[in-house]
Amino acid sequence: MASLPNRRSILAGGAASLAGGVLAAGAGWAVAAPAFPPPGPLATGTVGVTLVAKQREARILPEPAGPSPVITYSDDFPGPVIRMKRGQRLRATLVNGLDEHTSIHWHGIRLPNAQDGVPWLTQKPVQPGESFTYDFVPPDSGSFFFHSHCDTVKLLGRGLAGLLIVEDTNGPVFDADLPLMVKDWQLEADGRFGTLTSDRGAARAGTFGNVATVNGRIDPVIEVPANGDVRLRLYNVDSTRVVDLRLDGAEAFILAVDGLPLAPRPLDGWVMGPAMRIDVVFRAPAEPGRDIRLVNAYAAEPRPLATLRTAGAPRPNGRFTPRPLPAHDIPQPDLKRAETHRFDFSSTAVAQSFAPAVLAGLPYADSLCLSEKTFWAIDQKSWPQDGHERLPPPLVTLTRGKSYVFELVNLTPHLHPIHIHGYAFLVLGSDKRDLPRHHADTVLLEPKERMRVAIKADNPGDWMFHCHIIEHQETGMMGYLRVA
Ligand code: C2O
Ligand code: CU
């Protein structure tokens, strides 16, 4: 394993690429350590929403195809966008209009365990016709999202997700702030859903959709203010696909990863697995009618996803400088005293199968999102492990208040975006790639890669820890960590 970059090499590497950026682009942006503005005063008040999970119709394919029977939380398609300010309380009532139980997981939010939305682990599943109210104050500003945590191949595959944007109370002001959700759909020519999973897909990279969209639309044209500073919140909400989003026609900078700020860096290859997000900023061209293309470069040929077109009178902005977002206050792990835990991500030696009749007899089978087969494991254990009569034990029990370094080891030839609930990892390094030190709730493990991440175990409870390629999650690559 290559040695992890230390602070000095990170700074040197950062300065080198900054200098490169300045020379190449002639952009006058600061090389000095970024001065993150401190978090501003906390906003007050409560944001109340009602989210009715049910099947609705939405047009994804053009005529003559029919509308698609999507499953969503509101009449807004592709999903509701909840915007609130840091310090405000969210009261969100889930109404279950589905014919199966469900719950809402608030992805990326450091919240109390009882609000985390994992059936049986953190709450009783919400049965059809029932409702449940989530009530918490998100501690960090940033670009988060929410989705169900059971039967997710189907429910997320058909659209059951929404965005939760917690706005800064301080920091740079933008001329536009646009969330862009990247997601593929698996559709038949008539608009109905195709097969969302197959053993072949689940046991490999996952089953891919066949219709690429941004905000539920195929190659949309989205207006941005001419000469404006545009903040894009780029979300990969696909169940399977890995993307490398680039802007063709504008120089863009990453401001945040998974909603959490880092020093601005050029957008030139930030590969995102399912559930991962970046916030970027760019200065739009000054003339109206100019196009910037959002493309996915994670393909032999970059694939166009959307067009951003300048419009309106040019904004009176001076020279473009990407300014850092306000700092977060995630507790720093004590790396000197941290205990190290290794987690192995592997495929199962022998794919296990359960006969449907056996499954039907298992009281927790449905609740634990058990599928008929397992192909994947964490530390040789496939969720929900043997027995199935009750929750399996945690993968590991951590002591509240202590710091931990996790060594995440990918023993497979596939990519795995590994997600932790209730925490943000401090990403320390990889044996394969140079990564800046940053926080993230999901890290993408490349084939055979080994990454080191750290947390300070300050948030008590049982926290899911799983691959976010949903078919991998639902065929074994899932477990939980207990902080007690
Ligand atoms: Cu978005 Cu357990 O995940
Ligand atoms: Cu995976």
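Quick note: numbers below take in every heavy atom, side chains included, and nothing from hydrogens, waters or symmetry partners. Atoms within a ligand are numbered from 1 in the order they appear, just like the ligands themselves.
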Worksheet item: So, His419 and atom 2 (Cu) of ligand 1: N/O/S under 2.8 Å, yes or no?
Response: no
Worksheet entry | Tyr134/Trp106 aromatic ring centres below 6.0 Å | yes
Worksheet, complete the sentence: Which of His101, His105, His107 passes ring pair (Phe, Tyr, Trp, His ring centres under 6.0 Å) with His149? Answer is His105
Discussion item. Would Lys381 pass as a cation-pi partner of Trp383, given that its NZ or CZ must be under 6.0 Å from the six-membered ring centre and within 45 degrees of the axis?
Written reply: no
Discussion item. For Tyr423 together with His421, are the ring centres under 6.0 Å from each other?
Written reply: no
Worksheet item: Below 2.8 Å, any N, O or S contact between His468 and the Cu ion (ligand 2)?
Response: no
Discussion item. Any N/O/S atom, side chain or main chain, of His421 closer to atom 2 (Cu) of ligand 1 than 2.8 Å?
Written reply: yes
Discussion item. Using a distance threshold of 2.8 Å, state whether an N, O or S atom of His149 lies below it from atom 2 (Cu) of ligand 1.
Written reply: yes
Fill in: Thr169 side-chain N/O to Leu42 backbone N/O, donor-acceptor pair under 3.5 Å
no
Item to complete: Verify the distance test for His414 against the Cu ion (ligand 2): any N/O/S atom under 2.8 Å, yes or no.
Response: no
Worksheet item: Looking at atom 1 (Cu) of ligand 1, which N/O/S atom of His107 is the nearest one?
Response: ND1
Fill in: N/O/S atom name from His472 that is nearest to the position of the Cu ion (ligand 2)
ND1
Fill in: Pair Phe343 + Phe406: ring centers closer than 6.0 Å
yes
Worksheet, complete the sentence: Looking at His416, the N/O/S atom that lies nearest to the Cu ion (ligand 2) is called ND1
